[in-house]
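Quick notes on the structure that follows.
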Amino acid sequence: MLQPLDTAAVRRWCALGREALRAERSRMDAINVFPVADGDTGTNLCLTFEAAARAAAEATAGARGEEREGEAGPGDGGAGVLRVMARAALLEARGNSGTILAEYLRGMAQGLAEESAQERALPCALRRGAEAAYAAVARPVEGTMLTVAAAAAEAAEAEGDPASAAREALAATPAQLPSLSRAGVVDAGALGLTTLLAALIAALPPSAGAPRDTGVTPQRAQTEAGRSCAVPAPVHPADVPTASAPACEAAPANEAAPAEATPANEAAPAEAAPEFEVMYLIEAEDIKAVDALRERLDALGDSLVIGGGDGLWSVHVHVADAGAAVEAGLAAGRPYRVRIAHLPSLPEHGTEEGGEAAWETPESSGARAVVAVVPGEGLAGLCREAGAAVVPAADAARDDALLAAVQATGAAEAVLLPNGTEFHAAAARAADAARARGVRATVIPTRAAVQGLAALAVHAPGCRFDEDVVAMTSAAGATRYGEVTVAARESWTTAGICQAGDVLGLVEGDVAVIGADVGQVAMDVLVRMLAAGGELVTLVLGEDAPRGLAAGLEAYVRGSHLAVDTVVYEGQQQTSPLLVGVE
């Protein structure tokens, strides 16, 4: 039998899978009770697979009609397209279920690329997909999408119908998880993967010999292909199928990390109930550092999923201390795209029956301090006005300097803003030392001074510590940063070779422009940064900024981006004529 999972089949799967997930999205959200009833599993799976499908369409652009095997793909036929999908899903993964789906796609690509897959493409792809999904979850729990993945793989290896096996596994999920049994539903993530597997079997060519009783047709997928994944109307509880309904119509609850596992899989209780969902991407080449990160996060919370490879990883975890989860990433590599969200209050997480969430407000023996690293006296003044203690950049590489600044505040809680990747490690060590002295301390991984200013702008010392950290982290993460500086010597950059004295324009830490005039390079940097949109431009002028630089940039923003505001600060930094932030 010829390999059925060629480029054309994967493209058909993308179309059918998108339509099928859209149709089930509201039901999955409505019956999402495991591991946290946050009502977003369907949305997360839909958006993650949408990103993968878009990437597949771009990678195979130009294909027309029914492609033959290997045509119009990024290389290696269906395996190449699946690799592109897995990468896109990793970058855009939403929630626990989305991160697991990204790993499932990556495993499928690996399985399809194996030599043994030439005659047994589907079994190889599904088996490796299931293995990758299980490996990504720190504490695998049965009764979730992992169980469905394993059942489908076993059926394919036995030359059975993976879609039917998935439906049977889905119907059995309530018996495997108490939270599903009490709610009378099947697992939401398991329903999502079952839906995708049915679409996959429908996408295979008839020669693959797969049963086609899936309820998904190419014609329906083509009709719906252009419809966006919009939020559906609310689903009334009476409309949600229960566990006793036919499996193909059931509506489940998911995520594959333990909240209510069987005794064999049950995680040790955390010291504090998870209040936050933390997700970020992390660049880490050392696999040992990733393993250490996995151990650290597993000790901090639950629902831990880490997927990826080749230096890029996606992290998802539920924790009580969001700052500690981000800080753990700093020790392993370079975290970015940090997303933190409050988890809903549940009886399992300390809420009172029928009442409001029983949040515990931590006792504080003193004020909360923010310690910021700054490169110039002007910026130092701005940070002091915002209530922060400052450490000059020249001293920040020393752990004792940051720790001394924390101790000097006399605060019981401290937030550190390193404002540069080169200071992240020192800030993490200082936070560890402060915690050893009884201070509740955390690091927000700001990579530039403008991100630190954005974090300080939303700092609210009257709020709970974690709420303040979440708001500051979100503000910093939503701020793109740029810089205009002068090359000290000849060097190779991402924009080409520069000579000593050349003006360099950096965007997000990478050299994007090489020129001779500060004003022109600054304009080029600002144009590039605003190409992705924005609401507020922050310009921080250095000691050597040429006269009229800010006025020219402000005029450009007013004339070309009417809805964007501009603020200008005299930073007086000596390292660069201009720092740029776009929120």
Stepwise side-chain contact (heavy atoms from CB on, under 4.5 Å) test for V185 and L191: CA-CA 10 Å; V185 297; L191 174 60; over 6 Å; no
Residue pair [X] / [Y]: nearest heavy atoms and the distance that separates them:
X	Y	result
H424	T446	NE2-O, 2.9 Å
G95	N44	CA-ND2, 3.6 Å
A59	V84	CB-CG1, 4.0 Å
A132	G107	CB-CA, 3.8 Å
V148	A166	CG1-CB, 3.6 Å
V458	A475	CG2-CB, 3.7 Å

Gap separating the [atom1] atom of [X] from the [atom2] atom of [Y], nearest 0.5 angstrom:
X	Y	atom1	atom2	value
T442	D321	OG1	CG	5.5 Å
L82	C14	CG	SG	8.0 Å
S314	L90	OG	CG	5.0 Å
R18	L196	CZ	CG	12.0 Å
E283	Y336	CD	OH	4.5 Å
R339	M279	CZ	CE	4.5 Å

State, yes or no, whether a side-chain contact exists between [X] and [Y] at a heavy-atom distance under 4.5 Å.
X	Y	value
D468	R464	no
C124	L112	no
L21	M28	yes
V141	L146	no
V326	V443	no
L193	L170	no
T7	R11	yes
L126	P162	yes

Show your reasoning for whether side-chain contact (heavy atoms from CB on, under 4.5 Å) applies to V315 and L281. CA-CA 6 Å; V315 176; L281 295 174; over 6 Å; no
Verify the distance criterion only: is there a donor paired with an acceptor across the side chains of [X] and [Y] at less than 3.5 Å?
X	Y	answer
R94	T43	no
E142	T147	yes
S179	R182	no
R447	T421	no

Would W313 and I287 count as a side-chain contact (heavy atoms from CB on, under 4.5 Å) here? Give the steps. CA-CA 10 Å; W313 308 82; I287 189 64; 3.5 Å; yes
Quick check with a 6.0 Å cut-off and a 45 degree axis cone: is R106 positioned over the face of Y104's six-membered ring? no
Donor-acceptor contact below 3.5 Å, side chain [X] vs main chain [Y]:
X	Y	value
H316	N96	yes
E24	T195	no
E413	R440	no
T48	L45	no
E103	G308	yes
S474	A471	no

Salt bridge (Lys or Arg N to Asp or Glu O under 4.0 Å) involving E131 - partner list, sequence neighbours excluded: R128
Please name all residues satisfying salt bridge (Lys or Arg N to Asp or Glu O under 4.0 Å) with D432, sequence neighbours left out, ordered by chain then number. R435
With a 4.0 Å cut-off, would you call [X] and [Y] a salt bridge?
X	Y	value
E157	R127	yes
E50	R22	yes
E92	R337	yes
D298	R139	yes

Just wondering, are more than 12 heavy atoms of other shown residues or ligands nearer than 6.0 Å to [atom1] in [X]?
X	atom1	answer
R87	CZ	no
R296	CZ	no
E422	CD	yes

Which residue pairs pass the ring pair (Phe, Tyr, Trp, His ring centres under 6.0 Å) test with at least one member in residues 8-29, sequence neighbours excluded? W13-F49
Verdict with reasoning, F465 to V415, per side-chain contact (heavy atoms from CB on, under 4.5 Å): CA-CA 9 Å; F465 182 80; V415 178; 4.0 Å; yes
